[in-house]
Amino acid sequence: MRATMVAAVRLLSLRTADDLLSAWHDPVRVQRWYRSSLTALLSLLALVMGLWKLDRDGASWRDETVSYAVGKRSLGELWHLLHHIDAVHGLYYAFAHVVLSVWDDGVISLRVVSVLATVIAALGVNAIGRRLADEATGFLSGFAFVCIPQVQFYAQEARSYALVAAAVVWATWFFVRALQEERPVWWAGYGLLLVLAGWLHEFALLVLLAHAVTLWRGGRHGTHGRRWLAVSLAAVAAVSPLAVISAGQAAAQLDWLAPPGLNDWFGYALPAAVAITLARLLRRHRGQRAAARTVSMSAVGLPLLIVPAGFLLTVSLVHPWYVDRYVLYGMAGLALLVGPALRYGLASLTAEPDPRRRHRRLKTTIAGGLAATCALTALYWQDRLPSSRTDTVESYWGLTATAPGQKEPVLFQPARRRVWILARPTVFGPLDDIALQQSPQTSGTLYGIEAAPHVIRHRMLQHPQLTVLRDRPGQPLDHTPAENTKRAVLRTYFQLCWAVPVAGGEVTTYIRRDLAPTNPLCAPGRDIYS
C-alpha cells in the first residue's frame with residue numbers, strides 16, 4: 001500500500017506532458033509504477049470479490065454463531081471456556097472479542113476480517129510469485145488464489161481459516177527469502193509467522209512438512225537445512241502448549257468427524273493432479289527451468305498443496321481429523337503453479353508470428369476465459385446463498401410462540417443445537433430451556449451443561465406441550481444418557497403433531513399423549529408437515 005501511495009504521488013507530481021514522457025524513460029520509476037499498479041489492482045479485485053454479497057442474504061450458520069457468541073463474552077469468560085473446549089481457536093476468539101468491541105455488526109464484522117485476511121494472503125502469493133519469477137507472474141498467481149472457489153468460500157466465513165492462510169502464505173514468503181539471501185532477519189520473520197499461524201490453528205504447522213520437501217528438492221541440506229530445522233523446532237516448541245491442551249480436548253471437539261470419504265479424497269486428488277500436470281508442463285518451458293540449487297515456483301507450490309493435506313488425510317484414516325478448511329492454505333500452492341502457467345500461455349500467444357494463428361488463439365483464449373468466468377461466477381453465487389451452509393440460524397427466528405407472561409418450554413436435540421439461539425437469544429422471546437443446568441457463559445462451555453437425565457425427564461413431564469428444535473430425521477444420533485432420555489420420554493409420553501422444516505433442522509411441536517386426542521394439531525390422518 002505504501003508503494004502504491006508513493007507511486008501515485010510521484011505520478012500526480014508530473015505536471016507537464018514532458019515530465020510524463022521523461023518519467024516513462026526512467027526504467028526504475030516505470031518498474032515501480034508497474035509493480036505498484038499490479039499490487040493495487042490485485043488488492044482491489046480481491047476486496048471486491050470478497051465483499052460481494054457478504055451478508056449472504058442476512059443468513060449465518062452455526063459455526064459463525066459460535067464465533068460471534070464467544071467473541072461477545074468477557075475475557076474472563078473466554079479464558080474459562082478455553083480450559084474446557086476450543087482452545088485451538090483461542091487466539092481467534094480473543095481477536096474476535098477485540099473486533100466486536102470496536103465494531104459489532106453481528107457476524108458481518110468477523111466476515112470482513114476474513115475478507116481482509118484473504119486480500120493479505122493474495123498479496124503474499126503475489127509477493128512469492130514476483131520473487132521467484134516476475135511481476136506479471138506474481139499478479140497472476142495472486143489472482144488465481146483469489147479465484148479458487150474454496151478460497152472464496154472461506155473468505156466470507158466468520159472463522160479463523162482465512163487468517164491462518166494469510167499467516168502461512170507470508171511465512172512461506174519469508175522462507176523463500178531466507179533461502180535466497182543469507183540474512184537472519186528472514187529466518188526470524190519466518191519463525192514468528194509460524195508461531196502466529198500455529199496459535200491461530202495448530203494444523204498450520206503442517207506447512208513445515210511442505211517446506212522440508214522444498215528444501216530436499218532444492219538440494220539445500222547444508223546451512224539452510226540446519227537453520228530451517230532450528231527455526232522449525234523453536235516454532236513447534238512455542239505452539240506445543242496449545243497442542244497439548246487441544247489434544248486433551250480433541251475427543252470432545254472432533255467426535256463428529258468420520259474417516260475421509262470418497263468426496264474428501266476426490267477433493268484432494270483433483271487439484272493435486274492439476275498441479276502435478278502444470279509442474280511438468282512448466283518444467284519443459286525453458287523460462288521456468290531453474291538452475292541447480294535455486295528455488296522454483298513448482299518446488300514451493302507443489303509441496304504446499306500436496307503434503308499438508310495428504311498427511312492429514314492419511315492420519316485421519318486412524319484418527320479422523322481431516323477437514324479441507326484446516327489446510328486451506330494449501331490452495332496457495334495451486335495458485336503458485338496456475339500463475340506461471342497463465343503467464344506462459346499469454347507469452348506464447350503474443351509471441352506467435354503468424355497473424356492468423358495468433359488471431360485464432362486469441363479468440364480461443366477469450367472464449368475459454370469467458371467460459372471459466374461464467375462457471376466460477378455460478379460457483380461464487382452458489383456459495384453466497386444461505387443454502388451453501390449446513391444450516392441457517394435465522395431460520396429459527398420467529399418460530400417459537402410464547403403467551404404473554406409465560407416462557408415457552410424448549411428442548412434441543414442434540415444439546416449442541418442450542419447454538420441456534422446463542423448469537424441472538426432475544427429474537428426467540430422468553431424461553432424455558434428445560435434441559436439446561438448451567439448456561440454456556442457460567443459453565444465455560446460452548447453450549448452449556450445439561451441436567452442429569454432424571455431431572456430432564458421430570459422437567460419434560462411437567463409440560464403438556466414441548467417445542468423441540470432438532471436435527472432433520474436421518475442425521476446421526478448422540479447416544480449420551482441425556483439424549484437417550486429425551487428420545488425415550490418423547491417416544492413414550494408425547495406425540496409429534498407438527499414439524500416445520502428449516503435449513504439444517506426442524507422446529508417441532510410435541511403434545512402429551514393424554515391431551516393429544518383433543519388437540520387439533522394431532523387430528524388423526526393429519527400431515528405433521530402441513
Side-chain angles (χ1 to χ4, degrees), residues 63 66-71 73-99 110 113-114 117 121 154 157-172 174-175 187-212 228-257 307-309 311-312 315-316 318-330 440 443-447:
D63 280 14
V66 169
S67 295
Y68 179 78
V70 174
R73 298 187 189 186
S74 68
L75 291 178
E77 291 172 338
L78 176 57
W79 182 252
H80 189 202
L81 168 71
L82 300 182
H83 283 76
H84 295 90
I85 198 69
D86 247 9
V88 66
H89 298 301
L91 182 58
Y92 175 72
Y93 289 151
F95 182 63
H97 175 82
V98 174
V99 171
L110 302 181
V113 172
S114 294
Y154 292 108
E157 281 277 287
R159 297 295 281 172
S160 65
Y161 308 110
L163 284 168
V164 174
V168 170
V169 167
W170 278 101
T172 303
F174 274 95
F175 173 67
W187 288 114
Y190 175 59
L192 289 174
L193 281 168
L194 284 176
V195 173
L196 173 62
W199 275 92
L200 283 169
H201 199 289
E202 58 202 29
F203 286 166
L205 291 187
L206 293 177
V207 73
L208 290 172
L209 301 177
H211 292 167
W228 172 82
L229 183 60
V231 173
S232 300
L233 291 176
V236 170
V239 180
S240 60
L242 173 64
V244 172
I245 295 172
S246 58
Q249 300 173 353
Q253 189 160 347
L254 300 178
D255 59 351
W256 59 276
L257 287 175
V307 177
F311 177 83
L312 193 58
V315 170
S316 294
V318 179
H319 298 287
W321 291 344
Y322 177 80
V323 183
D324 60 352
R325 57 181 177 263
Y326 293 166
V327 285
L328 175 66
Y329 53 83
S443 63
T445 60
L446 291 176
Y447 314 118

Nearest heavy-atom neighbours spanning A117 and A166:
O-CB, 3.5 Å
Closest non-hydrogen atom pair, W321 against L254:
CD1-CD1, 3.3 Å
Heavy-atom distance under 4.5 Å between the side chains of Y326 and V164, does that happen here?
no
Donor-acceptor contact below 3.5 Å, side chain W199 vs main chain A238
yes
Using a 3.5 Å distance criterion without hydrogens, assess whether the side chain of H83 forms a donor-acceptor pair with backbone atoms of W79.
yes
Would you call S67 and E157 a side-chain contact if the rule is heavy atoms closer than 4.5 Å?
no
Side-chain heavy-atom pair Y329, V327 within 4.5 angstrom cut-off
yes
Surrounding NE2 of H84 (heavy atoms of other residues, nucleotides or ligands, distance under 6.0 Å), is the total greater than 12?
yes
How close do Y93 and L82 get, counting heavy atoms only, and between which atoms?
CD1-CD2, 4.4 Å
Set out, in order, the CA-CA distance, both residues' side-chain angles and the distance that settles side chain to side chain contact (heavy atoms under 4.5 Å, CB included) for E202 and S246, then state yes or no.
CA-CA 9 Å; E202 58 202 29; S246 58; 2.5 Å; yes
Write down the atom of I245, the atom of A87, and the distance for their closest heavy-atom approach.
CG2-CB, 3.7 Å
Would you say that F203 contacts V323 through its side chain, given a criterion of any heavy-atom pair below 4.5 Å between the two side chains?
no
In sequence, state the C-alpha distance, the side-chain angles, and the governing distance for L196 and L91, and then conclude on side chain to side chain contact (heavy atoms under 4.5 Å, CB included).
CA-CA 9 Å; L196 173 62; L91 182 58; 4.0 Å; yes
Regarding Q253 and D86, is there a side-chain donor-to-acceptor distance under 3.5 Å anywhere?
yes
Atom NE2 of H89 and atom CG of L242: how far apart are they, to the nearest 0.5 Å?
10.0 Å
Side-chain heavy atoms of V88 within contact of L200, under 4.5 Å:
no
Working to the nearest 0.5 Å, report the span between NE2 of H211 and CG of L194.
7.5 Å
Given side chains that start at C-beta, do those of F175 and W187 come closer than 4.5 Å, heavy atoms only?
yes
Search all heavy atoms of L110 against all heavy atoms of A96 and return the closest pair with its distance.
CD2-CB, 3.7 Å
Carefully, step by step, assess R73 and H97 under the rule side chain to side chain contact (heavy atoms under 4.5 Å, CB included).
CA-CA 7 Å; R73 298 187 189 186; H97 175 82; 6.0 Å; no
Say you draw a straight line from OH of Y161 to NE2 of H201; how long is it, rounded to the nearest 0.5 Å?
5.0 Å
Could you give all pairs that pass the side-chain hydrogen bond (donor to acceptor under 3.5 Å, both in side chains) test and reach residues 228-237, with sequence neighbours left out?
Y190-W228, W228-S232
If we only count heavy atoms from C-beta on, is the Y322 to L257 side-chain gap below 4.5 Å?
no
What is the distance from atom CZ of F95 to atom OG of S160, rounded to the nearest 0.5 Å?
11.5 Å
Side chain to side chain contact (heavy atoms under 4.5 Å, CB included) assessment of V307 paired with V207
CA-CA 8 Å; V307 177; V207 73; over 6 Å; no
Is there a side-chain contact between R325 and D63 in this structure, where contact means two heavy atoms from C-beta onward sitting under 4.5 Å apart?
yes
I need the minimum non-hydrogen distance between G198 and L205, along with the two atoms involved.
CA-CG, 4.2 Å
